[in-house]
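Below is one structure, written out as structure tokens; comments come after it.
The figures that follow rest on heavy atoms only: side chains count, while hydrogens, waters and symmetry mates do not.
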Amino acid sequence: MVDTPWIIPLLPLVAFALNGLLRSSGQNKSQGYGWLSTGLIFSSFIATVLLWIAIDTSSSKEFVLYRWIASGGFNVEIAFLTDELTVVMLLVVTGVSTLVSMYATGYMSHDANQSRFFTWIPLFVFSMIMLVISDNLLQLFVFWEMVGLCSYLLIGYWYQRDSANAAATKAFLVNRVGDFGFAIGIILAFHEFGTVRYREIFENLGNADERMLTAIALLLFVGAMGKSAQFPLHIWLPDAMEGPTPVSALIHAATMVTAGVYLVVRLNPLYTLAPQALLVIAAIGTFTAFMAATIALVQTDIKRVLAYSTVSQLGLMFLAIGSGAYTVAIFHLATHAFFKALLFLGSGSVIHALQDEQDMRQMGGLWRKLPLTYTTFLLGGFALAAIFPLAGFWSKDEVLAMTYVKATAPAGSALSAFHGASIYWLFYVAGLAVSIMTAAYTFRMIFKTFHGTPRNAELHTHAHESPWIMTVPLLVLTVGATSAGALLGIPPEKGLIHGYLKETAGIIHLEGAEHPNTLVLALISTLVAGSGLLIAFGAYGKGMRIPLIARTLLPGAETLFKQKWYMDHLGDRFAVALTKALAFISWGFDVAVVDGIVNGLGSLTQTLSGQVRRIQTGQAQNYALLMVIGMVLTIGGLVVFR
């Protein structure tokens, strides 16, 4: 597999092509489309496992497929980089995508257009694989855009709904804002380094100006903000819930939103030399994590709770990156993929059982009706809330630990890339607050969905467990959500994933701080998560008046959170209004100035020609007179001005 990595993206591309061709048969309700998609994506996962086994430190990790662009000194190949970071990402992408596709085979079985759905799904996976495996920024950018296109198609899959069309358009346009910055960053990188290949960029970092490195790093991060839904470009992701639930799971766990985190980690040598950019990343990640967690506390749509949870968890990944702990960010990305895919597919099982109902106010008392869904969902909730010893505990604990390490590092030390690292204390405290809220909104969701008395008797009566084709992926993901953290992260900072990624993603060890106590830090994060669970249990399990007390102590907070911090209002009333105003001004300039000049010249020419044509009388004596007048004027001019 080291010499044939092109097989990994080829297999889902074949699934896309075959399903697209088979659609012409008109058998839209055939489950063969789903099985073909699942089988070839799973084959891609097997090929990735073989690559993981075959790759070693002595083998070449670059494979050139063919020359794509050759123009003077500018050469770009379609080439693959198959190092350890690529392998980890490919295992996540192909593994989770296989389970989502299998689940979707059952979930979409009654959909009249499932052939179209299973045509776009493998194209989505192919695009993400090509993004991850690229060895240069230009190739990555092409498939970065392909991922955006696929998300547009899948979010708007039910195009008959106005809300789905609006959500798809919103996702597409918001990501174009981020991609504009990303494109400028690529242009600046080429201008500075004369290449777009990662390896050649890294080799020339020492010769670059620090201010230019910071500018490039921030512009590339703007692209990551769009794909990975960071403030203020996060507003598209919650609305993306308009697509089918398997699409939500795919976007949130294995494909689109992980692309931004991967991009920054892939370029970690650049970001390490741009500490101001890392500070910006940490600040934006922290604020995004906090803001999204507060919004998740008051959501009533089960999928939107999970959507804002994803935004928050991505913020924590960027906090880890901003602390210099690139490996920890990938560690949390990997564990998050398991439990977030599990929770989304579990929510899909609930929605499937309740005839497409997503409002938690219509649920309650479902744990007896859906015992397997409830058990797997509960374990996924424990993992998301970072309860020991499930997967989320190990990775989120390291995110907070790395922030603590950065906060306590002396200015000027290897761990403090700039003076004033004490601001990371604020980030650390905010991270603890996010942990409390994460546990609170997770178990609020669980209690409102599965416990208490049924709030819609008719829906509850007809609720039923999902078929095996949907529950098997839940069971497999549950294994990952419960055990992946321990398998990859024990002992902390020296686990399997840390050693595997050390050469490609870099790592900060706890030993670098002054007298860190790993056990104490883990205990603090455990107590924090446990307190959030107890708050949710008291408020929604025991019926205590905690929400009422919170409203009294924090008047207006609930309105702020329900209005999503007025981000959509600002977007509609400021960004959209500003864009429309600029478009109107541009239209006015075009009509009054550009068209005015062109039309004015045309009118002037028409007027002058109308006057000149009057001398065309058809009478020879008039033409002779004009010739004589012309000769007199010419001779007179020569005499006078000679």
Side-chain angles (χ1 to χ4, degrees), residues 1-16 40-57 59-69 76-98 121-150 182 186 195-202 220 223-224 227-228 250 254-269 326 330 333-334 337 500-501 503-505:
M1 280 306 301
V2 174
D3 298 324
T4 55
W6 48 268
I7 292 177
I8 298 173
L10 176 64
L11 292 166
L13 182 62
V14 170
F16 159 71
L40 287 174
I41 295 174
F42 178 66
S43 299
S44 183
F45 171 72
I46 296 299
T48 303
V49 172
L50 295 176
L51 175 63
W52 174 37
I53 295 171
I55 196 171
D56 57 61
T57 56
S59 61
S60 173
K61 297 182 176 64
E62 295 180 351
F63 179 87
V64 177
L65 190 60
Y66 65 90
R67 177 165 291 182
W68 177 26
I69 300 174
V76 180
E77 295 90 9
I78 297 297
F80 303 142
L81 177 61
T82 56
D83 62 5
E84 291 79 5
L85 177 59
T86 300
V87 170
V88 171
M89 285 297 299
L90 289 180
L91 287 171
V92 171
V93 171
T94 57
V96 174
S97 297
T98 298
I121 285 290
L123 180 64
F124 201 0
V125 177
F126 161 75
S127 302
M128 187 64 190
I129 291 173
M130 288 296 293
L131 184 156
V132 169
I133 208 169
S134 298
D135 89 325
N136 64 81
L137 286 171
L138 192 57
Q139 181 181 334
L140 179 143
F141 184 73
V142 170
F143 291 100
W144 185 275
E145 295 302 309
M146 278 288 293
V147 167
L149 172 62
C150 292
F182 188 17
I186 294 174
T195 182
V196 291
R197 295 189 68 186
Y198 304 141
R199 178 173 55 81
E200 294 171 358
I201 290 175
F202 299 157
L220 295 176
K227 279 292 184 288
S228 291
L250 201 60
T255 54
M256 189 162 172
V257 299
T258 64
V261 176
Y262 169 76
L263 170 68
V264 179
V265 174
R266 167 58 69 194
L267 299 176
N268 72 85
Y326 307 108
I330 295 297
L333 182 152
Y500 190 69
L501 292 179
E503 295 300 322
T504 53

Working to the nearest 0.5 angstrom, can you tell me the gap between [X] [atom1] and [Y] [atom2]?
X    : Y    : atom1 : atom2 : answer
I8   : L90  : CD1   : CG    : 5.5 Å
T94  : M89  : OG1   : CE    : 10.5 Å
T98  : L40  : OG1   : CG    : 10.0 Å
I78  : W68  : CD1   : CH2   : 5.0 Å
K227 : L131 : NZ    : CG    : 8.5 Å
L13  : W6   : CG    : CH2   : 12.0 Å

Pairwise side-chain contact, [X] with [Y], heavy-atom cut-off 4.5 Å (strictly under):
X    : Y    : result
Y262 : T86  : yes
L220 : I186 : yes
N136 : Y198 : no
R199 : E62  : yes
V265 : L501 : no
L267 : F202 : yes
V125 : S44  : no
V196 : Q139 : no

On a heavy-atom basis, which atom in [X] and which in [Y] lie closest, and how many Å separate them?
X    : Y    : result
P9   : F80  : CG-CZ, 4.5 Å
A254 : V92  : CB-O, 4.2 Å
V147 : M128 : CG2-N, 3.8 Å
P122 : P12  : CB-O, 3.3 Å

Donor-acceptor contact present, side-chain T48 to main-chain L91, <3.5 Å = no
Donor-acceptor contact present, side-chain T504 to main-chain E84, <3.5 Å =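 Not at all, since once roles are kept as given, no pair shorter than 3.5 Å links the two residues.
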Please step through ring-ring contact (aromatic ring centres under 6.0 Å, His included) for the pair F124 and F16, ending with a clear verdict.
-> CA-CA 9 Å; F124 201 0; F16 159 71; over 10 Å; no
In terms of the angle between their ring planes, are F141 and F182 parallel, tilted or perpendicular, with boundaries placed at 30° and 60°?
-> perpendicular
Under the side-chain contact (heavy atoms from CB on, under 4.5 Å) criterion, do I201 and T195 qualify, and how do the steps go?
-> CA-CA 7 Å; I201 290 175; T195 182; 4.0 Å; yes
Neighbour count >12 (heavy atoms, 6.0 Å) for atom CH2, W52 =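 No.
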Would one find more than 12 heavy atoms of other residues, nucleotides or ligands at under 6.0 Å from atom CD of E200?
-> yes
Show your working on side-chain contact (heavy atoms from CB on, under 4.5 Å) between E503 and D83 and close with a plain yes or no.
-> CA-CA 9 Å; E503 295 300 322; D83 62 5; over 6 Å; no
side-chain contact (heavy atoms from CB on, under 4.5 Å) between L85 and Y326, worked out = CA-CA 11 Å; L85 177 59; Y326 307 108; over 6 Å; no
Might you work through the side-chain contact (heavy atoms from CB on, under 4.5 Å) test for L138 and I69, ending with a clear yes or no?
-> CA-CA 10 Å; L138 192 57; I69 300 174; 3.8 Å; yes
Residue pairs passing the salt bridge (Lys or Arg N to Asp or Glu O under 4.0 Å) test with at least one member in residues 121-150, sequence neighbours excluded, are D135-R197, E145-R176
